[in-house]
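Below: one structure, written as structure tokens.
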Amino acid sequence: MDYSHKSIEQKWQKFWAENGTFKTAESTEKPKYYVLDMFPYPSGAGLHVGHPLGYIASDIFSRYKRLKGFNVLHPMGYDSFGLPAEQYAIQTGQHPAITTETNINRYREQLDNIGFSYDWSREVRTSDPSYYKWTQWIFMQLFNAWYNKETDKAESIETLITKFETAGSQNINAESDEDVLTFTAEEWKAFSEEEQQRELLKYRLAYLRESTVNWCAALGTVLANDEVINGVSERGGYPVEQKKMMQWSMRITAYADRLLRGLDTIDWPEPLIEMQRNWIGKSVGASVKFPVPQLDTNIEVFTTRVDTIFGVSFIVLAPEHELVSALTTDAQKAEIEFYIDKTSKKSELDRMADTKTVSGAFTGSYAKHPITGEDVQIWIADYVLAGYGTGAVMAVPSGDQRDYVFAKHFNLPIIPISDSQNIEEEADPNKDGKYINSGFINGMTYQEAVPALISKLEGLKLGKAKINFRMRDAIFGRQRYWGEPVPVYFKNDLPYLIKEEELPLLLPEVDKYLPTETGEPPLGRAENWKYQDQYEYELSTMPGWAGSSWYWFRYMDPKNAESFASKEATSYWKAVDLYIGGSEHATGHLLYSRFWNKFLKDLGFHNEEEPFKKLINQGMIQGRSNFVYRLSNFGTINSDVKFNNIIVSYNYYKAFIDYFNSSKLDEIYLGQDGFYEDINQEILIFSLDKFGKDLANIVFAKDSSLERLTLRYNSFTPLHVDVNIVSNDILDTEKFKSFRPDFADAEFVLEDGKYICGTEVEKMSKSKFNVVNPDDIIANFGADTLRLYEMFLGPLEQSKPWNTNGIEGVYKFLRKVWRLFHDAEGNFNVSDEEPTKAEYKALHKIIKKVEDDIERFSFNTSVSAFMICVNELTDLKCNKRKILQDLIIVLEPYAPHITEELWALLGNEAGTISYAVYPKFNPEYLVESEFAYPVSVNGKMKMNLPLALDLDAKAVEEIVLGNADVQRYLDGKAVKKLIFVKGKIINIVV
RNA sequence: GCCUAGGUGGUGGAACUGGUAGACACGCAGGACUUAAAAUCCUGUUCCUGUUAAAGGAGUGCGGGUUCGAUUCCCGCCCUAGGUACCA
């Protein structure tokens with residue numbers, strides 16, 4: 001019987017599903033291992049070959065870990081709230097739940113075809129009420145919590161209330177809004193309920209506040225900073241404007257430092273850690289106050305270089321700074337207003353792009369230097385950002401390049417502050433020298449000056465050490481329908497949680513999925529949707545990242561109705577051991593998930609500080625488009641002749657283009673014999689000879705009265721051609737005619753009888769006809785081939801274009817595996833004889849290799865090693881059970897269907913190969929007496945020495961000299977030096 | 001600009017801590033089997049010089065360096081991809 005991937009794969013996929021082969025339970029006998037994929041948003045387009053790349057890798061890893069005796073949790077689900085289903089609903093009126101359900105079913109079918117070992121009994125869907133009940137519940141916990149900096153963790157809001165009741169607001173060290181009140185215990189108790197709630201809201205981790213948001217009118221919603229790319233929405237590319245709105249926010253900044261420190265404890269790709277680090281953006285420095293006596297206030301600045309304070313020659317405020325108008329003198333008023341007006345008209349994009357022009361305006365006012373008391377000019381300029389630090393900086397032109405440029409431009413003083421500075425051309429921020437012109441720190445080093453200054457400023461009550469973060473609190477509301485409702489109602493404009501037993505707060509039905517006439521979110525359309533028929537519910541829904549910020553917990557205990565996951569489940573499965581997904585989630589999902597994980601830990605629901613111990617980013621699979629080149633834009637003498645359906649092979653096209661590029665001609669002419677440079681058909685172009693003749697044959701056969709054709713650089717138009725009718729870049733011309741019926745009578749100018757297509761790497765998209773569907777590959781070659789080939793394509797973490805060219809090689813390999821178990825007639829034929837040494841060697845090489853490769857996620861090299869191994873066994877005509885059985889266990893993670901079939905043919909119980917024991921590597925089989933390795937002599941010549949010399953360095957000298965081969969080679973020369981590496985002779989110096 | 005990763009045949013890529021560069025696969029060329037096709041198998045395939053061959057030379061983006069020996073380590077530069085953007 002031949003290898004029939006179709007029947008084998010269907011048979012085993014059915015078997016696994018019916019027998020629950022991959023159902024996982026908590027087990028005390030085996031160590032646990034949790035392998036997680038980033039769950040997909042089920043889009044209408046279905047999966048293309050790029051999607052399963054990471055899933056295949058994680059499946060290989062899961063299956064490998066099972067063979068290694070681990071109890072593996074490997075689940076899958078759907079991040080099923082999201083915009084596309086809602087957009088579709090707006091257009092068609094179909095409920096997003098229906099669209100989502102349809103798409104999920106399609107995804108499931110496609111995933112099943114690939115033979116993943118998911119435990120589908122643990123599937124989760126974020127849009128399922130039994131799931132989002134717990135998303136809402138977590139929101140409630142966040143609302144009911146504050147961050148105590150004293151204990152460095154989140155606590156129940158009750159502990160804060162107790163503190164307020166006993167000692168008022170003093171001694172509270174909390175993460176909060178900036179405008180918190182100061183009050184005593186008595187004052188607190190005297191507050192009205194409303195006042196108390198208003199105050200508590202400033203401390204809650206989920207809180208409401210007026211904030212400037214990225215409002216996208218086209219999408220009718222608010223976007224997070226990371227959903228806005230270059231001023232337009234990430235999804236759809238619509239313009240985004242700044243708008244003030246009451247918004248739910250998450251106090252993720254409370255966790256900034258823990259999020260940063262945690263990065264050192266996890267095994268993630270360096271670029272990703274770096275991205276999170278930059279995103280959090282911690283800078284250590286000082287906050288310094290510059291008194292402004294005339295207004296009886298201070299200007300607070302943040303600096304990372306408090307040591308340069310004596311170099312301050314002016315202060316710069318952001319144009320939006322609140323003190324600007326008060327500081328502006330009458331004389332400067334016109335100038336300042338003009339400047340503010342000018343910068344406010346600049347879009348965010350312009351302000352970003354234009355970093356060269358120096359601009360700013362003097363307010364006319366002065367502040368006092370906190371230490372010297374001297375007058376310091378106050379300026380405004382748009383290089384200072386209102387959103388970072390305090391929106392004001394102390395300018396030190398000698399130490400900061402931007403300040404330097406600004407000072408030069410406006411002719412402000414530049415004060416050198418260090419004896420090692422060179423400020424002739426530009427600012428010099430070095431910290432190496434001793435200070436000059438710096439009052440009491442003159443002569444000190446950087447290390448001495450900083451603490452001295454901090455304590456001085458603290459003594460003056462004009463400054464203190466401070467740490468600043470770039471990260472902002474995350475906005476947690478969308479004016480959308482298809483998301484989790486926020487379990488909140490409003491009484492006197494203040495938010496209150498609904499009762500826990502009333503969860504889930506179900507998404508109500510609406511007549512349309514659009515905002516209401518009054519501009520409320522779609523939920524405003526829900527009729528009679530009121531808490532206890534009295535109070536308005538919150539009308540915004542949660543953002544896309546809500547449901548994905550805790551889903552790995554739900555897989556641990558997916559059916560639990562009492563909690564999001566039981567303590568037993570979380571303490572058994574702990575954290576995710578291996579997480580595979582794309583790097584595009586670096587500052588979104590991966591950051592929010594870490595935040596919620598830490599929060600839930602603080603409340604005691606589990607014990608893991610970090611959710612994902614090891615993370616791998618799989619690369620993107622790009623599309624590889626194919627092109628054909630159609631003759632167009634040409635001239636004829638009699639203009640009624642048309643040749644719009646002649647299509648030339650790629651290399652002709654390329655030669656043609658190259659010719660134009662090198663010859664710099666505007667036109668060339670096609671005559672009966674080929675291409676000519678001149679209109680009189682005298683100078684024949686030999687480099688395009690064959691092409692010209694082939695093309696002429698077709699053209700002049702169509703119209704013999706024609707004298708010549710005039711062709712220009714753009715005379716051939718590239719057309720996208722469906723990659724599915726192209727194989728190894730050779731076009732199936734018959735299929736092309738049905739692909740483009742408008743070219744049914746097309747004629748092809750072939751090279752060597754073939755039509756070769758041009759190629760280009762582009763994004764995979766329908767319009768470029770370069771989408772490759774895994775189902776098609778599976779139909780032709782099978783799931784095992786797809787799995788192996790996706791791995792074979794290159795390193796997992798690298799982005800690469802999809803290219804089906806090499807898939808034959810992998811398919812051939814699987815057939816060779818099949819043939820090892822079958823004789824020439826196709827009958828199953830495995831012998832019980834004892835294998836030879838060579839056979840054991842081939843086997844043990846692959847056992848070791850695959851083990852090493854999988855542990856370091858180098859799946860592509862394993863596939864090559866499998867090919868070598870099977871070629872060796874084929875050459876040895878090996879059909880020994882002892883070899884083949886171990887071989888298929890090692891291969892099982894990569895190609896589970898064929899191995900499962902062969903496993904059963906060997907007489908093992910059906911469906912048990914996944915839980916077989918990974919064969920033990922025995923190094924003895926790899927040792928061979930004839931093994932030799934190269935050495936060089938005087939670093940140049942090369943020769944092979946027998947393994948007999950592969951000994952401990954001390955013993956070698958004698959043996960070398962006594963070795964016949966070496967003696968013959970060295971021909972009596974005296975050996976001066978022997979160089980050893982790892983006990984082997986590498987070089988002999990004579 | 002800054003941060004990170006990378007640059008190896010016609011192509012995808014291999015070489016794991018410095019030790020025969022180009023494994024494996026695709027493609028290509030030639031051959032075997034076959035009436036033929038498919039399938040399968042065998043041989044060759046980095047480039048240059050050389051009539052085949054023997055042999056020699058060059059060679060991992062470019063220029064230097066360390067080393068007996070560098071795709072691998074160091075310095076400078078060029079290019080590509082991803083991230084980030086006046087962060088005080």
Side-chain angles (χ1 to χ4, degrees), chain A residues 2 230 269-279 281-283 285 301-305 308 316 318 351-356 358 381-385 387-396 399-403 405-406 429 468-471 583-584 586-587 617 619-620 622 624 728-730 752 759 789 792-795 797-810 812-813 815-816 819 824 849 852-853 855-856 858 860-869 871 874 932-940 942-944 976-979 981-982 984-989:
Chain A
D2 272 350
N230 292 334
E270 197 49 45
L272 214 137
I273 292 199
E274 205 53 37
M275 267 188 246
Q276 289 213 346
R277 215 172 258 147
N278 289 339
W279 189 261
K282 179 179 181 172
S283 28
V301 303
F302 175 73
T303 177
T304 54
R305 290 294 302 275
T308 64
V316 189
R351 233 167 118 165
M352 246 156 55
D354 184 20
T355 58
K356 291 259 155 62
V358 182
D382 65 1
Y383 79 86
V384 177
L385 306 174
Y388 182 76
T390 59
V393 301
M394 58 177 223
V396 183
D400 182 285
Q401 185 57 24
R402 286 162 319 197
D403 298 344
V405 172
F406 196 85
N468 222 352
F469 291 96
R470 193 180 83 104
M471 186 168 67
S583 59
E584 65 272 21
T587 52
N617 288 132
M620 284 255 264
Q622 294 137 310
R624 185 173 183 276
N728 282 331
D729 295 332
I730 297 167
D752 303 325
T759 62
Y789 187 59
F792 181 68
L793 216 48
E797 307 198 46
Q798 190 176 304
S799 285
K800 56 232 154 189
W802 176 264
N803 180 349
T804 321
N805 286 357
I807 200 163
E808 288 279 351
V810 171
K812 266 189 222 168
F813 158 75
R815 283 199 303 241
K816 283 184 192 171
R819 277 205 301 275
K849 174 75 177 156
D852 290 351
D853 282 351
E855 299 283 357
R856 62 193 174 99
S858 175
N860 55 327
T861 50
S862 292
V863 181
S864 295
F866 276 123
M867 291 177 176
I868 296 170
C869 174
N871 283 342
T874 305
Y933 62 91
V935 298
S936 56
V937 176
N938 287 344
K940 276 184 182 169
K942 286 158 188 166
M943 60 180 292
N944 286 335
K976 284 185 196 147
K977 198 165 138 195
L978 290 166
I979 294 162
V981 174
K982 298 171 211 157
K984 290 179 185 177
I985 305 164
I986 292 304
N987 185 33
I988 300 172
V989 183

Which nucleotide, if any, forms a Watson-Crick or G-U wobble pair with [N], using both distances under 3.5 Å?
{"N": "B:rA81", "result": "B:rU4"}
{"N": "B:rC16", "result": "none"}
{"N": "B:rU40", "result": "B:rA32"}
{"N": "B:rA58", "result": "B:rU46"}
{"N": "B:rC26", "result": "B:rG10"}

Contact under 4.0 Å: [X] side-chain N or O vs [N] OP1/OP2:
{"X": "A:Arg470", "N": "B:rA85", "result": "yes"}
{"X": "A:Tyr383", "N": "B:rA88", "result": "no"}
{"X": "A:Thr861", "N": "B:rG13", "result": "no"}
{"X": "A:Arg819", "N": "B:rC41", "result": "yes"}
{"X": "A:Lys812", "N": "B:rC26", "result": "yes"}
{"X": "A:Arg402", "N": "B:rC87", "result": "yes"}
{"X": "A:Gln798", "N": "B:rG13", "result": "yes"}
{"X": "A:Asn278", "N": "B:rC2", "result": "no"}
{"X": "A:Arg815", "N": "B:rU40", "result": "yes"}
{"X": "A:Asn860", "N": "B:rA14", "result": "yes"}

From C-beta outward on [X], which listed nucleotide comes closest to its side chain: [options]?
{"X": "A:Glu274", "options": "B:rA14, B:rC3, B:rA88", "result": "B:rC3"}
{"X": "A:Leu385", "options": "B:rU4, B:rC87, B:rA15", "result": "B:rC87"}
{"X": "A:Lys800", "options": "B:rG13, B:rG83, B:rA88", "result": "B:rG13"}

Nearest-Å distance, [atom1] ([X]) to [atom2] ([N])?
{"X": "A:Asn617", "N": "B:rG6", "atom1": "CG", "atom2": "C1'", "value": "15 Å"}
{"X": "A:Met620", "N": "B:rG83", "atom1": "CE", "atom2": "C1'", "value": "13 Å"}
{"X": "A:Asp853", "N": "B:rA14", "atom1": "CG", "atom2": "P", "value": "11 Å"}
{"X": "A:Phe406", "N": "B:rC86", "atom1": "CZ", "atom2": "P", "value": "16 Å"}
{"X": "A:Phe813", "N": "B:rG12", "atom1": "CZ", "atom2": "P", "value": "23 Å"}
{"X": "A:Asp403", "N": "B:rC87", "atom1": "CG", "atom2": "P", "value": "10 Å"}

B:rG9: syn or anti, per glycosidic angle within 90° of 0: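 Glycosidic conformation of B:rG9: syn.
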Integer angstrom distance from the [atom1] of [N] to that of [M]:
{"N": "B:rA37", "M": "B:rU46", "atom1": "C1'", "answer": "35 Å"}
{"N": "B:rA15", "M": "B:rA53", "atom1": "P", "answer": "32 Å"}
{"N": "B:rC77", "M": "B:rG83", "atom1": "C1'", "answer": "23 Å"}
{"N": "B:rA58", "M": "B:rG50", "atom1": "C1'", "answer": "15 Å"}
{"N": "B:rA54", "M": "B:rG59", "atom1": "P", "answer": "22 Å"}

Would you indicate what [X] reaches in the nucleic acid, counting non-hydrogen atoms under 4.0 angstrom: base, sugar-phosphate, or nothing?
{"X": "A:Lys849", "result": "nothing"}
{"X": "A:Asn871", "result": "sugar-phosphate"}
{"X": "A:Pro269", "result": "nothing"}
{"X": "A:Glu270", "result": "nothing"}
{"X": "A:Phe866", "result": "nothing"}

Earlier contact from the 5' end, RNA chain B, for A:Val863 and A:Gly391: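 The 5'-side residue here is A:Val863.
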Given RNA chain B, 5'-ward residue of the pair A:Ile868 and A:Leu793, judged by closest heavy atom: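 Going by which nucleotide is closer to the 5' end, it is A:Leu793.
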Minimum-distance pair of heavy atoms, taken over all atoms of A:Asp403 and A:Ala395: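 The pair with the smallest heavy-atom distance is OD2-CA, 3.2 Å.
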Just wondering, do [Y] and [X] contact through their side chains at under 4.5 Å, heavy atoms?
{"X": "A:Arg402", "Y": "A:Val358", "result": "no"}
{"X": "A:Phe813", "Y": "A:Val863", "result": "no"}
{"X": "A:Glu797", "Y": "A:Pro795", "result": "no"}

A:Leu793/A:Trp802 under side-chain contact (heavy atoms from CB on, under 4.5 Å): CA gap, chis, key distance, verdict: CA-CA 8 Å; A:Leu793 216 48; A:Trp802 176 264; 3.7 Å; yes
